[in-house]
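Please read the structure below before turning to the comments.
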Amino acid sequence: MFYLAKQTKAAAEQTRAATEQTRAATEQTRISNAVAAVSANDMVLRSLREVHVLMLQFPGSRGCFYDGKPLPEEADERDAIITIAELLADVLSNGMHVHREIPHSTSAEPWEAYCRHMLESGPVLQDLVRTHLDWWTYLPALLPANQSA
């Protein structure tokens, strides 16, 4: 009887230890998910800053993305704006992907709203995405509905 009581006590201690390990693993997973979400968001924002720095190198280019300014007529300026638009579309689409794949990302909804805003504000970006619907998986669904392809 004494041996059975000792085994029962040992089993109960093992169960408590396993429960504590499960709690610790759950907390570690929660923390890892939070760190992954913050790191992913930081990476996307760093990429966006690089595109904004590029816009600073081409005065007036920001208006093509934020103020509805049309694509310039002059070839070199036009090429620069199209290249910036392609880079911006890459960043927006990558951000959508990252935010959908990272659990517990609290910035997923704001990022999607930002992407919608960018597509509504910039005819250059709109036209680029509409012309190449299969290049940026997440962006066509965010295009304004009032424009036809």
Side-chain angles (χ1 to χ4, degrees), residues 10-149:
E13 287 175 11
Q14 286 177 344
T15 301
R16 278 192 293 276
T19 300
E20 186 56 36
Q21 284 178 334
T22 301
R23 277 192 208 117
T26 300
E27 179 64 9
Q28 187 175 21
T29 299
R30 186 191 66 74
I31 291 168
S32 294
N33 286 343
V35 169
V38 168
S39 296
N41 191 50
D42 183 58
M43 184 262 318
V44 169
L45 292 177
R46 241 182 285 137
S47 297
L48 183 60
R49 281 189 292 274
E50 289 177 16
V51 173
H52 284 140
V53 167
L54 190 57
M55 285 181 196
L56 288 172
Q57 294 174 4
F58 293 92
S61 64
R62 182 179 169 87
C64 293
F65 303 101
Y66 287 93
D67 301 327
K69 182 179 161 188
L71 195 58
E73 296 289 328
E74 198 269 311
D76 288 342
E77 196 176 346
R78 181 181 190 86
D79 289 345
I81 298 299
I82 290 171
T83 300
I84 293 171
E86 290 170 340
L87 293 170
L88 182 57
D90 288 345
V91 170
L92 296 177
S93 186
N94 185 47
M96 290 294 296
H97 175 74
V98 164
H99 285 96
R100 289 182 182 193
E101 293 297 317
I102 299 296
H104 310 295
S105 175
T106 58
S107 56
E109 286 182 34
W111 184 259
E112 184 172 325
Y114 177 73
C115 291
R116 283 184 194 282
H117 169 75
M118 294 305 298
L119 288 164
E120 290 169 359
S121 301
V124 174
L125 191 57
Q126 273 184 38
D127 292 345
L128 182 66
V129 172
R130 287 184 198 286
T131 302
H132 305 287
L133 292 171
D134 56 340
W135 286 11
W136 298 284
T137 307
Y138 300 101
L139 300 184
L142 303 177
L143 285 165
N146 60 351
Q147 298 284 328
S148 60

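Counting non-hydrogen atoms of neighbouring residues, nucleotides and ligands closer than 6.0 angstrom, the CD atom of E27 exceeds 12 such neighbours. Within a 6.0 Å radius of CD in E109, other residues, nucleotides and ligands contribute 12 heavy atoms or fewer. Residue-environment remark: CD (Q28) stays at or below the threshold of 12 foreign heavy atoms within 6.0 Å.
Looking at Y114 and L48, their side chains come closer than 4.5 Å, going by heavy atoms from C-beta outward. By the 4.5 Å heavy-atom criterion applied to side chains, S61 and P72 are not counted as neighbours. Between P70 and V124 the shortest side-chain heavy-atom distance does not fall below 4.5 Å. Within the 4.5 Å cutoff, the side chain of V129 has no heavy atoms near those of the W135 side chain. At least one side-chain heavy atom of F65 sits under 4.5 Å from a side-chain heavy atom of I81. Using a 4.5 Å cut-off on side-chain heavy atoms (C-beta onward), L88 and M55 make contact. Counting heavy atoms from C-beta on, the side chains of M118 and L142 never come closer than 4.5 Å.
Sorted pairs that involve residues 78-93 and meet salt bridge (charged side-chain N to carboxylate O under 4.0 Å, His left out), not counting sequence neighbours, are lacking altogether.
In this structure, I84 CD1 and L54 CG are separated by 4.0 Å, a value rounded to the nearest 0.5 Å. The CG atom of L119 sits 5.0 Å away from the CG atom of L125 when rounded to the nearest 0.5 Å. Here the CG atom belonging to L128 is positioned 9.5 Å from the CG atom belonging to L139, to the nearest 0.5 angstrom. Remark: N94 CG to M43 CE distance equals 5.0 Å, nearest 0.5 Å.
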Walk me through it: do V53 and Q57 pass the test side chain to side chain contact (heavy atoms under 4.5 Å, CB included)?
CA-CA 7 Å; V53 167; Q57 294 174 4; 4.1 Å; yes

For the pair R62 and K69, evaluate side chain to side chain contact (heavy atoms under 4.5 Å, CB included) and give the outcome as yes or no after the intermediate values.
CA-CA 9 Å; R62 182 179 169 87; K69 182 179 161 188; over 6 Å; no

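Put simply, the side chain of S93 never gets that close to the backbone of A89: no donor and acceptor are under 3.5 Å apart. A distance-only check finds no donor-acceptor pair linking the side chain of S121 to the backbone of G68 [under 3.5 Å].
Across L45 and W111, no two heavy atoms sit closer than the pair CD2-CZ3, 4.0 Å. When all heavy atoms of T131 and D127 are compared, the closest pair comes out as OG1-O, 2.7 Å.
Salt-bridge check for R116 with E112: passed, with a basic side-chain N closer than 4.0 Å to an acidic carboxylate O.
When only modelled atom types and interatomic distance are considered, H99 and S107 share a side-chain donor-acceptor pair under 3.5 Å.
In terms of the side-chain contact (heavy atoms from CB on, under 4.5 Å) criterion, Q21 has no residue partners (sequence neighbours excluded). Residues meeting the ring pair (Phe, Tyr, Trp, His ring centres under 6.0 Å) test with W136, sequence neighbours left out: none.
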